[in-house]
Amino acid sequence: MAKFLAALLGCTLPSKGASPMLESKSHSQVGLKSSTKPKGTIFSTLAGEKPSSDYKKEQRWKPVYCSLAATCLTGPLIEKPGGKESMPQTPPFSAMFDSSGYNRNLYQSAEDSCGGLCYHDNNLLSGSLEALIQHLVPNVDYYPDRTYIFTFLLSSRLFMHPYELMAKVCHLCVEHQRLSEGDSEKNQMRKIAPKILQLLTEWTETFPYDFRDERMMRNLKDLAHRMASGEEQTYRKNVQQMMQCLIRKLAALSQYEEVLAKLSSTATDRLTVLKTKPQSIQRDIMTVCSDPYTLAQQLTHIELERLNYIGPEEFVQAFVQKDPLDNDKTCYSERKKTRNLEAYVEWFNRLSYLVATEICMPVKKKHRARMIEYFIDVARECFNIGNFNSLMAIISGMNMSPVSRLKKTWAKVKTAKFDILEHQMDPSSNFYNYRTALRGAAQRSLTAHSSREKIVIPFFSLLIKDIYFLNEGCANRLPNGHVNFEKFWELAKQVSEFMTWKQVECPFERDRKVLQYLLSVPVFSEDALYLASYESEGPENNIEKDRWKSLRSSLLGRV
């Protein structure tokens with residue numbers, strides 16, 4: 001995990017000669033898809049299967065997102081809410097936070113009955129952990145806003161296990177049920193039961209991975225059974241629907257993990273394949289998909305599919321540190337569950353190496369140059385779609401040393417389009433150009449008239465880096481022991497934006513053949529890339545000559 005985070009946070013655009021910026025040597029495992037809508041997936045499909053323009057013309061697509069200035073996120077505060085007894089409508093993630101941060105449309109009794117919460121100018125800044133837990137649990141006259149629910153469920157795992165929080169929530173819900181006696185108990189139950197069910201539904205839909213823990217599922221079933229039994233039969237159907245939806249999600253997760261494990265177990269090095277099959281009958285990406293626009297669309301399918309399996313809690317768990325007030329030494333390591341983040345990093349690396357492999361493999365110089373121009377067009381279309389992660393992976397692959405050293409090949413490439421792409425992803429000024437483009441894509445998504453315009457796929461390692469520095473820049477607890485909730489509003493704002501992006505349905509038609517190639521075709525290792533590069537354009541100095549001889553001996557058995 002330490003190596004994974006170290007590589008992940010070193011996310012600057014690689015200069016020519018660098019390796020891909022993301023590394024993860026851990027075995028990939030995956031998380032749960034958030035969408036409840038049943039549909040065929042890329043991975044379930046695979047499970048059953050063994051002309052150049054000048055610079056002025058380029059300006060027509062270059063400024064697609066550049067009309068908006070880059071914006072900085074400011075720390076949002078929560079306004080102390082006024083009273084409202086009606087149940088809230090669950091808003092989409094994009095509506096959870098307003099332009100200044102926190103959505104101030106809250107549902108709470110006029111007078112705060114929970115002690116231990118600290119307000120300033122009617123804004124919630126901090127609170128004791130117990131008070132914040134009580135603030136999460138609904139009662140007859142109160143239901144927490146979805147923004148608070150999401151923020152607390154996201155950040156609470158820094159202080160306690162989800163199953164411990166669930167146990168406390170169950171206890172408080174039972175206590176609220178017992179507040180009334182006699183004839184009014186049934187009426188009280190009718191008022192509080194839908195609110196408890198709403199809270200449980202929010203939890204199971206937004207953080208379903210938590211319920212892979214048997215302790216979580218046991219507590220959930222106990223509380224659901226209490227609501228669905230006895231005289232109150234009204235909510236039995238809703239409880240059953242909630243449980244069935246959660247079970248479907250967990251089943252989809254298991255299937256997804258199995259497919260990724262199968263892909264991983266069957267992966268081979270491209271050089272091994274070349275040894276057993278003549279290169280003349282080897283396929284390359286252009287024989288499978290000659291249209292760069294189609295390839296960009298299929299890459300977008302894969303990106304959105306994998307993004308969907310990243311749970312919001314993984315952004316917190318990736319950087320979890322031991323709570324100084326927590327005496328349990330074992331919980332620290334148990335909370336570090338970032339399976340889907342690591343699987344997504346591995347996809348980025350695979351795409352970078354695939355690009356480098358496809359460029360280094362052709363024997364003829366003109367074919368290598370044509371492949372470079374092909375990927376430049378793919379990257380440009382990724383930019384126009386809003387798929388910045390694939391764009392950066394392609395740029396990373398073309399900047400790897402085995403590719404960048406092919407000077408004779410690059411001399412035949414018209415690089416005007418590539419120069420513009422590199423400018424857009426320039427890391428200077430904290431990726432100012434990219435952030436401007438990302439803001440433009442996000443704004444386009446909010447006002448989209450078509451499903452294609454809704455797509456926003458961020459450069460993922462930079463997103464992780466931003467969240468990491470937000471987490472490191474502020475303490476989780478204040479000197480008085482209170483939870484620094486002002487920090488967690490900002491954290492939740494950034495994560496909720498990602499949640500909106502990852503739920504977008506890909507509008508492009510799937511090409512089964514192209515998807516299978518992208519996900520399963522063998523790629524060169526780093527050593528094999530260097531060997532292929534030296535075989536294409538010979539070593540230029542003694543160091544390269546020595547390495548070439550060593551690689552020929554170790555990989556090909558030649559002297």
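These figures come from a predicted structure and were not determined experimentally. Computed over heavy atoms, backbone and side chain alike; hydrogens, waters and symmetry mates excluded.
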When rounded to the nearest 0.5 angstrom, what distance separates CG in N476 from CG in L491?
9.5 Å

Taking K195 for the side chain and V140 for the main chain, is one N or O donor matched with an acceptor at less than 3.5 Å?
yes

Is E505 paired with K454 through a side-chain N to carboxylate O contact shorter than 4.0 Å?
no

Cationic N near anionic O, under 4.0 Å, E257 to R212:
yes

Kindly determine whether W501 and I457 satisfy side chain to side chain contact (heavy atoms under 4.5 Å, CB included), including the steps that lead there.
CA-CA 7 Å; W501 296 338; I457 303 173; over 6 Å; no

Tell me, with the steps shown, if R215 and E164 meet salt bridge (Lys or Arg N to Asp or Glu O under 4.0 Å).
CA-CA 9 Å; R215 297 165 293 190; E164 293 173 325; over 6 Å; no

V523 to R350 - nearest heavy-atom pair and separation:
CG1-NH1, 3.9 Å

Just wondering, do I149 and L153 contact through their side chains at under 4.5 Å, heavy atoms?
yes

Determine whether L246 and M217 make a side-chain contact, defined as any pair of heavy atoms from C-beta on separated by less than 4.5 Å.
yes

Could you tell me whether a side-chain N or O of Y142 sits under 3.5 Å from a main-chain N or O of H135, the two making a donor and an acceptor?
yes

Minimum heavy-atom distance A224-M242, with the two atoms named
CB-CE, 4.5 Å

My understanding is that only one of F207, F488, F315 makes a side chain to side chain contact (heavy atoms under 4.5 Å, CB included) with L154; could you say which?
F207

Quick one: does any side-chain atom of Q503 pair with a main-chain N or O of T500 as donor and acceptor, under 3.5 Å?
no

Steps toward ring pair (Phe, Tyr, Trp, His ring centres under 6.0 Å) verdict (Y309, Y256)
CA-CA 9 Å; Y309 284 88; Y256 179 68; 3.6 Å; yes

Basic-acidic side-chain contact under 4.0 Å: D511, K513:
no

Approximate separation, where rounding is to 0.5 Å, of I192 CD1 and Q198 CD:
13.5 Å

Side-chain donor/acceptor of Q298 to backbone N/O of E509, under 3.5 Å:
yes

Just how far is it from atom CG of L341 to atom CD1 of I464, taken to the nearest 0.5 Å?
4.5 Å

Closest non-hydrogen atom pair, G127 against L132
O-CD1, 3.8 Å

For V504 against L304, the heavy-atom pair lying closest together:
O-CD1, 4.0 Å

How many angstroms lie between CG in L518 and CD1 in I302, if you round to the nearest 0.5 Å?
4.5 Å

Got a sec, which residues hit ring pair (Phe, Tyr, Trp, His ring centres under 6.0 Å) with Y434, two or more places apart in sequence or on another chain?
F388

Distance (rounded to the nearest 0.5 Å) between C382 SG and L295 CG
7.5 Å

Provide the closest heavy-atom pair for F431 versus M392 in the form atom of the first, atom of the second, distance.
CE2-CE, 4.0 Å

If we ignore hydrogens and angles and just use 3.5 Å, is the side chain of N219 paired with the main-chain N or O of M166 as donor and acceptor?
no

With a 4.0 Å cut-off on N to O distance, would you call E313 and R157 a salt bridge?
no

Given side chains that start at C-beta, do those of F150 and W203 come closer than 4.5 Å, heavy atoms only?
no

Quick one: does F508's side chain get under 4.5 Å of I455's, heavy atoms only?
yes

Any donor-acceptor N/O pair, Y209 side chain to G311 backbone, under 3.5 Å:
yes

If you measure only the distance, is there a donor-acceptor pair under 3.5 Å linking the side chains of Y163 and D210?
no

Within the distance-only criterion (no hydrogens, no angle test), does the side chain of S156 pair as donor or acceptor with the backbone N or O of F152 below 3.5 angstrom?
yes

Please evaluate residues Y353 and F348 with respect to the criterion side chain to side chain contact (heavy atoms under 4.5 Å, CB included), reporting the C-alpha separation (whole Å), side-chain torsions for both, the decisive distance (0.1 Å), and the verdict.
CA-CA 9 Å; Y353 273 87; F348 182 100; over 6 Å; no

Any chance you could lay out the salt bridge (Lys or Arg N to Asp or Glu O under 4.0 Å) test for R306 and E346, step after step, and finish with the verdict?
CA-CA 11 Å; R306 296 215 172 189; E346 289 172 2; over 6 Å; no

Given N349, N389, T338, the one that forms side chain to side chain donor-acceptor pair (under 3.5 Å) with Y344:
N389

Any side-chain heavy-atom pair from F485 and T151 closer than 4.5 angstrom?
yes

Check this for me, if you would: do K502 and E497 make a salt bridge, where the nitrogen-to-carboxylate-oxygen distance has to be below 4.0 angstrom?
no

L200 CG to F211 CZ distance, which is reported to the nearest 0.5 Å
7.0 Å

Closest approach of A393 to S352 (non-hydrogen atoms, all atoms of both residues)
O-OG, 3.0 Å

Carboxylate-amine/guanidinium proximity below 4.0 Å for D466 and R435
yes

Polar contact flag, side-chain donor to acceptor under 3.5 angstrom, N471-K487:
yes

Quick one: does D222's side chain get under 4.5 Å of C170's, heavy atoms only?
no

Go through the structure and list residues passing side chain to side chain donor-acceptor pair (under 3.5 Å) with S390, not counting sequence neighbours.
E303, N387

R477 side chain near H482 side chain, heavy-atom distance below 4.5 Å:
no

Answer whether the closest heavy-atom distance between the side chains of E453 and H449 falls below 4.5 Å.
yes

Apply side chain to side chain contact (heavy atoms under 4.5 Å, CB included) to L220 and M216, showing your working.
CA-CA 6 Å; L220 175 65; M216 284 287 293; over 6 Å; no

Report yes or no: does S496 contribute a side-chain atom to a donor-acceptor pair with the main-chain N or O of K493 at less than 3.5 Å?
yes

Dump the intermediate steps for side chain to side chain contact (heavy atoms under 4.5 Å, CB included) on K249 and C245, then the final yes or no.
CA-CA 6 Å; K249 288 182 177 182; C245 180; 4.0 Å; yes

